[in-house]
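Letters go in sequence order (proteins before strands), and every chain restarts at 1. What you are looking at is a predicted structure, and each value in this text was computed from that prediction instead of being measured.
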Protein chains: 2
Amino acid sequence: MAEGVNIKRLAQELNISIATVSKALNDSYEISLKTKNRVWTLAKELNYTPNPAASNLRSHKTKTIAVVIPCVANNFFSLSIKGIEEIARQYGYHVLIYQTHENIKMEIEFTNSLLSGRVDGILTSVSSSEHNSEYYKTLVKKVPLVFFDRVYEDLEAVKITTDDYDIAFEATEHLIKCGCKRIAYLYGLENLPAGKARFNAYQDALKAHNIALDDELVIRYHEDEDVNFESVKQLLKAVKPDALFSSIEEFIIPSYLACKELNLNVPSAVKILSFSNMDTAKILNPSLTTITQPAFEIGREAAKCLFKILNKKELEERSIVLKSILIKRESTNI
Amino acid sequence: MAEGVNIKRLAQELNISIATVSKALNDSYEISLKTKNRVWTLAKELNYTPNPAASNLRSHKTKTIAVVIPCVANNFFSLSIKGIEEIARQYGYHVLIYQTHENIKMEIEFTNSLLSGRVDGILTSVSSSEHNSEYYKTLVKKVPLVFFDRVYEDLEAVKITTDDYDIAFEATEHLIKCGCKRIAYLYGLENLPAGKARFNAYQDALKAHNIALDDELVIRYHEDEDVNFESVKQLLKAVKPDALFSSIEEFIIPSYLACKELNLNVPSAVKILSFSNMDTAKILNPSLTTITQPAFEIGREAAKCLFKILNKKELEERSIVLKSILIKRESTNI
DNA sequence: TTTAATTACGTAAACGTTTTCGGATTAATT
DNA sequence: AATTAATCCGAAAACGTTTACGTAATTAAA
């Protein structure tokens, strides 16, 4: 009473045509309520479940969306997925996950493999390593696609992002108000609008407060975490900043470790502030002042947009910007 | 040169039959190398990608596996997914993700929705709330299934787990050796073999060292994190343990917060040790002694097993147990 | 009463593959 | 030379749906 029960079987059992059963199951207006009920009850009784492959083959609908992201083991993205999944479930959709590991080749390879009708739409946050805007320029014409958080700026597509510039400006000002004069910047996502916006905000905030920029105070993210640790340590030793402003979560551990190793007290000797979705920020010692992006909501919004597109609903906005929040904690205490 | 290119088109273009093209693409022995090459080059030239729905409908293979887990926003599971994905990619498989949010109804609903041939196999870590071993008993007969970490003990199925008992015993002994006499146990996963094993090991280790058990020292996980915080605080205040042994990661934040609020110094007044895959354990202050499960490897092993089953390879073991490691840090310093 | 519209259902083609079976050609064996 | 075997390929039937189109019966409009 489970195997081999298909639409044909239902039709035979009820002495009606296959077409009628199919239409009844899809609640078509062409079918009377009476027969619909007969079909529905038998379907439930025999525990009928439609064959997705057959349905997809004929109708070109997969009831599946794909999420292409750099890495699931990252607080921001795992929270985003949680949000995406919640919305997908509401629409009865399935969610495929692909990790690019910041590798643009994989990113393109995966995305291409989805183009043969495996999914109805794609949610993606591009890798930070390299750009290929030509690829995406043609891609967005082929498949419903929503970018979230990490986007291409020159691309006209649906994008969900956060107020990176504003919040980074606010954060920099916060450090300045805490008395910091030599604020180091730990630069991540250099190739992406988000990364650039954060850095620009940092620079603009310094200028606005008449603080000279200093290239020595800027270090860049390296994929090898040991390298990051060394460069933070070197920065602290050689350039002696009074604050670390990290634009990405990945610099937090090396920063704390480096300060510990160099016996630099946080926050009295050096203050730390970072973009982060770590739930442990509040129990670090000192607890960490963070810019926290609404990762869960970004996932939800991105998914909602995609479903609007899939359902041919009009989008009010092709670009949605959500607000991040600055959570002040001990690491920036005066 | 991308839309509408299917096997039929290739056949026409090459003046051979559809069957031949299909077989050539699948590298069948029936086809000569010469025609294979003709097919392959044209396929590449026209950028042909097979239609997965059609292929699946006919062959009953989806090249897709599902991962059903409580929550992606959990270090253990996100790392597991990373491992699963890596193996899946090697086999050219796609990965569907389903979060149950510890809700057995959702768990069953999702899993059932996969039974109509949407996936070739399932990897799952069951929810901790309730049990339904009847359901899984019939399920394992219907679909290739591998359990990882959170399993049903009475079920004869392929399982990947860790040495929960041994490592929990070792951890408890570590606390005892550190001089702790009143070790509180923060109990999670009560309904699951892993949770029970950890608790049994805790009790057995105490007995082995002639330390009396005390029910007052045991508190249980509640899904509301505020409740956990209050119960840890109450425990620390009223029962005055000299150590907290947490069987799950979720107790870490409430524990640190409670100690801070009660001005209890860690580790001098109270030591803390927890199962955890948090990468920030090392920068907590004091850094946290953890039992860390090989989450990534568990994911890899589980996926490998599933693919062995899917490829009809013989499994050496129906049950694989991986070793966790006890990482001693400051939170259990003497 | 006739015509038109509406309702309810069936026929059959299509979606793009895989696979069984059989046939033709060539090579190897008696 | 006759038989067998090996190699290579094609015809056609599936897989389980959806959907365009046709049609009969009923109802509404003229």
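Summarising the geometry, the separation between NZ on A:K23 and P on C:dT7 is reported as 15 Å, rounded to the nearest angstrom. Distance A:K8 NZ to D:dT18 P: 16 Å, rounded to the nearest Å. In this entry the distance linking CG of A:N15 with C1' of C:dC9 reads 13 Å, nearest Å. Distance NE2 (A:H60) to C1' (C:dA14): 9 Å, rounded to an integer number of Å. Nucleotide D:dG16 holds its C1' atom 17 Å from the CG atom of B:L115, rounded to whole Å. In this structure, the CD1 atom of A:I18 is 11 Å from the P atom of D:dC15, given to the nearest Å. The CD atom of B:Q12 sits 13 Å away from the P atom of D:dA11 (whole-angstrom rounding). With rounding to whole Å, B:L25 atom CG is found 9 Å from C:dT17 atom P.
Among the nucleotides C:dG10, C:dT18, C:dC9, the one closest to any side-chain atom of B:S55 is C:dT18. Nearest nucleotide to the side chain of A:S32, out of C:dC9, D:dG16, C:dT19: C:dC9. Comparing C:dA8, C:dT17, D:dG16 by their nearest atom to the side chain of B:L57 picks out D:dG16. For A:N6, taking side-chain heavy atoms from C-beta onward, the closest of the listed nucleotides D:dT17, D:dC9, D:dT19 is D:dT17. Here C:dA12 is the nucleotide among C:dA12, C:dT18, D:dG10 with the atom lying nearest to any side-chain atom of A:A19.
Salt-bridge check for A:E134 with A:K137: passed, with a basic side-chain N closer than 4.0 Å to an acidic carboxylate O. Salt bridge annotation for A:R318-A:E156: absent, with no cationic side-chain nitrogen under 4.0 angstrom from a carboxylate oxygen. A salt bridge does not link B:E109 with B:K105: none of the charged nitrogens is closer than 4.0 Å to a carboxylate oxygen.
Not one side-chain nitrogen or oxygen of A:N51 sits closer than 4.0 Å to the OP1 or OP2 atom of D:dC15. OP1 or OP2 of D:dC9 lies within a sub-4.0 Å distance of a side-chain N or O belonging to B:T35. Not one side-chain nitrogen or oxygen of A:Y29 sits closer than 4.0 Å to the OP1 or OP2 atom of D:dT19.
Heavy atoms of B:N56 sit nowhere under 4.0 angstrom from any nucleic acid atom. Note on A:P50: only backbone sugar-phosphate atoms sit closer than 4.0 angstrom, heavy atoms only; bases stay farther off.
Positionally, the nearest nucleotide of DNA chain D for B:T20 lies more toward the 5' end than for the other of B:T20 and B:S59.
For B:R58 against C:dT17, no side-chain N or O and base N or O form a donor-acceptor pair under 3.5 Å. Checked by distance alone, A:E30 brings a side-chain donor or acceptor within 3.5 Å of a matching partner on the base of C:dC9.
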For the pair A:T49 and B:L115, evaluate side-chain contact (heavy atoms from CB on, under 4.5 Å) and give the outcome as yes or no after the intermediate values. CA-CA 8 Å; A:T49 52; B:L115 258 41; over 6 Å; no
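Contact record, B:P193 with B:V151: CD-O, 3.1 Å, taken as the closest heavy-atom pair.
Of the possible donor and acceptor atoms, one in the side chain of B:S59 sits under 3.5 Å from a partner among the backbone N and O of B:S55.
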